[in-house]
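To keep things clear, I will list the structure first and then write my remarks on it.
Residue numbers start at 1 and run along the sequence shown. Reckoned from all heavy atoms, side chains included, excluding hydrogens, waters and symmetry mates.
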Amino acid sequence: MKTSVRTKVARSAAPLTGQRAHEIQAFGTVVSMPIALADSTRRESAENLNQVLADTITLRDLYKKHHWQVSGATFYQLHLLFDKHFGEQNELVDLIAERIMMLGGISIAMSADVAEMTLIPRPPKGREEVPVQISRLLHAHEIVLKEAHAMARKADEEGDDGTNDLLVSNVIRTNEMQVWFVAEHLVDGPLVHADGEAAT
């Protein structure tokens, strides 16, 4: 039987776990970034984007909640639609957070912090009917869109073209498209018989 040979293990091969240290940058501050924008502009844009980020994370999670809990005759269509919109909102979350970091700021990230910041009302834990789910989503979209419009104008006034473009090209356009797709499910249209007089 072969005996194993003990070899020395370098200390650098072992993981250094349990490390603790102070934050290297406080939330709400911006570090200097050579992107041709004043500190005050970058600070204000980062603050505004963090509000949009908190509400976009909340809207994203609202879509996932409804994706899991939707029921009724339109289950299949809405189950898929809600998950598609979740994915699109998740892409926005990443774009917004990365823009905040590009500005030298710190993006909100943890669910407890998001819950403190969001302007979107908290839904109940239980399942709701489809019209209520959709109404909640539309209200959340409207909150995000109001913010995005106002903040895009402010970014434009301050010369922050990158933030303005993100808000207009990504946040506003994605949310407006999703509002259209979701809102049409609340139209009380006939399914079998036309609602009107027959053509003569």
Worksheet item: With a 4.5 Å limit on heavy-atom distance, are the side chains of Leu37 and Met102 in contact?
Response: no

Worksheet item: What residues form a side-chain hydrogen bond (donor to acceptor under 3.5 Å, both in side chains) with Asp156, not counting sequence neighbours?
Response: none

Practice prompt. Taking Arg60 for its side chain and Gln89 for its backbone only, find out whether a donor-acceptor pair lies under 3.5 Å.
Written response: no

Worksheet item: In Å and rounded to the nearest 0.5 Å, what is the CG to CG distance from Leu49 to Leu167?
Response: 5.5 Å

List the atom pairs, with distances to 0.1 Å, where a side-chain N or O of residues 72-80 and a protein N or O form a donor-acceptor pair under 3.5 Å, not counting sequence neighbours.
from, atom 1, to, atom 2, distance (Å)
His79, ND1, His67, O, 2.8
His79, ND1, His67, ND1, 3.3

Worksheet item: What distance separates Ile57 CD1 from Ile96 CD1, expressed to the nearest 0.5 Å?
Response: 8.0 Å

Worksheet entry | Working for side chain to side chain contact (heavy atoms under 4.5 Å, CB included), residues Leu119 and Thr58 | CA-CA 9 Å; Leu119 301 175; Thr58 304; over 6 Å; no

Please report, to 0.1 Å, the donor-acceptor pairs under 3.5 Å made by any side chain of residues 21-33, with sequence neighbours excluded.
from, atom 1, to, atom 2, distance (Å)
Gln25, NE2, Thr29, O, 3.1
Gln25, NE2, Thr29, OG1, 3.4
Gln25, NE2, Gly104, O, 2.8
Thr29, OG1, Ala26, O, 2.6

Worksheet item: How long is the gap from CE on Met177 to NE2 on His85, to the nearest 0.5 Å?
Response: 9.0 Å

Worksheet entry | Salt bridge present between Glu47 and Arg43 (N-O < 4.0 angstrom) | no

Practice prompt. Output yes when a side-chain donor or acceptor of Thr118 lies under 3.5 Å from a complementary backbone atom of Val114, and no otherwise.
Written response: no

Fill in: Spacing of Trp68 atom CH2 and Asp83 atom CG [to the nearest 0.5 Å]
9.5 Å

Item to complete: Inspect the contact between Arg42 and Asp39 and indicate whether a charged nitrogen and a carboxylate oxygen are less than 4.0 angstrom apart.
Response: yes

